[in-house]
Amino acid sequence: MIDMLNSFFRKVPTWLVYLGYGLPAFYLFYLGISGGLGPEPVRALEHEYGEIAIQLLIIGLMITPLRKLVGLNLLKFRRAIGLLAFFYVALHLLVWLVLDVQFEGVIKDIVKRPYITVGMLAFVIMIPLALTSNNRAVKALGRSWQKLHKLTYLAVLLGGAHFVMQTKGFEFEAYAYLAVILALVGYRYWPKPSKRTPRTT
């Protein structure tokens with residue numbers, strides 16, 4: 001079964017991932033301006049973009065465990081997923097900045113509201129990751145590229161914390177996202193059992 005899935009995904013072009021996850025951004029914006037997102041379209045649009053970003057970040061974290069644990073190889077899509085996550089984070093920020101607060105008291109909000117501070121920090125961390133997500137940067141940075149992109153884990157943790165902190169009261173969905181993020185990051189850094197070579201007699 002896994003071999004069949006790997007064979008299928010090898011034939012799927014990466015541009016389909018960009019298209020499949022990119023189009024909903026425009027559709028959601030259309031719903032927002034046409035009254036399809038309820039009585040508070042700006043807040044709803046802001047939330048939808050943020051939630052899709054978190055989902056994409058989680059999917060990106062799942063790629064390595066899926067390959068190591070079950071043999072499912074989705075590595076060819078990891079760059080696309082990461083860039084799409086940054087795209088939705090940027091849209092989430094733009095909706096808040098332009099349509100929500102309309103540039104008023106932005107610095108004050110970033111400093112005085114912890115969830116905004118955490119969210120902005122996650123976005124700032126993601127900027128160099130997005131800018132270096134190309135083959136030229138990989139070659140130019142060499143081993144430093146891998147070290148830089150380990151910041152992905154910090155960005156995702158901050159994104160999950162931001163999602164929880166901005167909720168009012170207890171929302172199971174937000175805490176579920178954070179729990180999955182913690183589990184995936186924990187898997188990455190959990191000490192792996194050393195492989196012992198059998199003794200020869």
Side-chain angles (χ1 to χ4, degrees), residues 14-62 77-134 149 151-182:
T14 306
W15 63 263
L16 273 181
V17 177
Y18 285 108
L19 185 66
Y21 261 105
L23 288 178
F26 301 98
Y27 179 64
L28 286 168
F29 186 78
Y30 166 75
L31 290 179
I33 62 176
S34 62
L37 290 180
E40 296 186 0
V42 172
R43 294 292 177 87
L45 186 62
E46 189 178 325
H47 176 81
E48 290 292 337
Y49 284 157
E51 186 167 8
I52 293 174
I54 284 289
Q55 291 170 355
L56 284 164
L57 288 169
I58 289 174
I59 292 171
L61 286 183
M62 290 176 65
F77 303 117
R78 185 159 60 183
R79 181 182 299 178
I81 290 168
L83 288 173
L84 284 164
F86 179 76
F87 171 64
Y88 275 97
V89 170
L91 289 178
H92 173 71
L93 175 62
L94 281 173
V95 171
W96 171 73
L97 188 63
V98 179
L99 301 179
D100 192 349
V101 300
Q102 299 179 357
F103 297 101
E104 293 182 7
V106 171
I107 302 300
K108 183 179 178 181
D109 276 354
I110 293 173
V111 173
K112 290 192 173 183
R113 297 188 180 185
Y115 77 93
I116 296 179
T117 307
V118 170
M120 285 299 298
L121 182 57
F123 175 70
V124 170
I125 291 172
M126 291 181 70
I127 293 173
L129 302 180
L131 292 176
T132 56
S133 291
N134 56 78
H149 278 253
L151 288 174
T152 300
Y153 302 107
L154 177 58
V156 180
L157 284 169
L158 290 171
H162 166 76
F163 197 82
V164 168
M165 293 168 70
Q166 58 86 39
T167 58
K168 296 179 180 180
F170 178 83
E171 290 188 16
F172 174 80
E173 187 179 36
Y175 283 92
Y177 284 138
L178 183 58
V180 172
I181 289 170
L182 289 171

In terms of heavy-atom contacts, does [atom1] of [X] have more than 12 from other residues, nucleotides or ligands at under 6.0 Å?
X: R43; atom1: CZ; result: no
X: F29; atom1: CZ; result: no
X: F170; atom1: CZ; result: yes

Write down the atom of [X], the atom of [Y], and the distance for their closest heavy-atom approach.
X: V106; Y: L97; value: CG2-CD1, 3.4 Å
X: V42; Y: V95; value: O-CG1, 3.7 Å
X: A85; Y: M126; value: C-CE, 4.1 Å
X: V118; Y: A161; value: CG1-CB, 4.3 Å
X: A130; Y: L83; value: O-CD2, 3.8 Å
X: P41; Y: G32; value: CB-O, 3.4 Å

Q: Have a look at Y21 and tell me which of L16, I81, I52 forms a side-chain contact (heavy atoms from CB on, under 4.5 Å) with it.
A: I52
Q) Quick one: does Y153's side chain get under 4.5 Å of I181's, heavy atoms only? A) no
Q | Criterion side-chain contact (heavy atoms from CB on, under 4.5 Å) on L56 and F87, from CA distance to verdict | A | CA-CA 10 Å; L56 284 164; F87 171 64; over 6 Å; no
State the [atom1]-[atom2] distance between [X] and [Y], to the nearest 0.5 angstrom.
X: L28; Y: L23; atom1: CG; atom2: CG; answer: 11.0 Å
X: L93; Y: Y88; atom1: CG; atom2: OH; answer: 16.0 Å
X: I54; Y: I59; atom1: CD1; atom2: CD1; answer: 11.5 Å
X: R113; Y: I110; atom1: CZ; atom2: CD1; answer: 11.0 Å
X: L182; Y: L61; atom1: CG; atom2: CG; answer: 10.5 Å
X: L57; Y: T152; atom1: CG; atom2: OG1; answer: 8.5 Å

Q | Results of ring-ring contact (aromatic ring centres under 6.0 Å, His included) for Y115 - residues two or more places apart only | A | H162
Q | Residues that R78 engages under salt bridge (Lys or Arg N to Asp or Glu O under 4.0 Å), provided they are two or more places apart | A | none
**Q.** Pairs involving residues 47-60, ordered by first then second residue, that meet side-chain hydrogen bond (donor to acceptor under 3.5 Å, both in side chains) (sequence neighbours left out)
**A.** H47-E51, E51-Y177, Q55-Y177
Q | side-chain contact (heavy atoms from CB on, under 4.5 Å) between L121 and I125, worked out | A | CA-CA 6 Å; L121 182 57; I125 291 172; 4.2 Å; yes
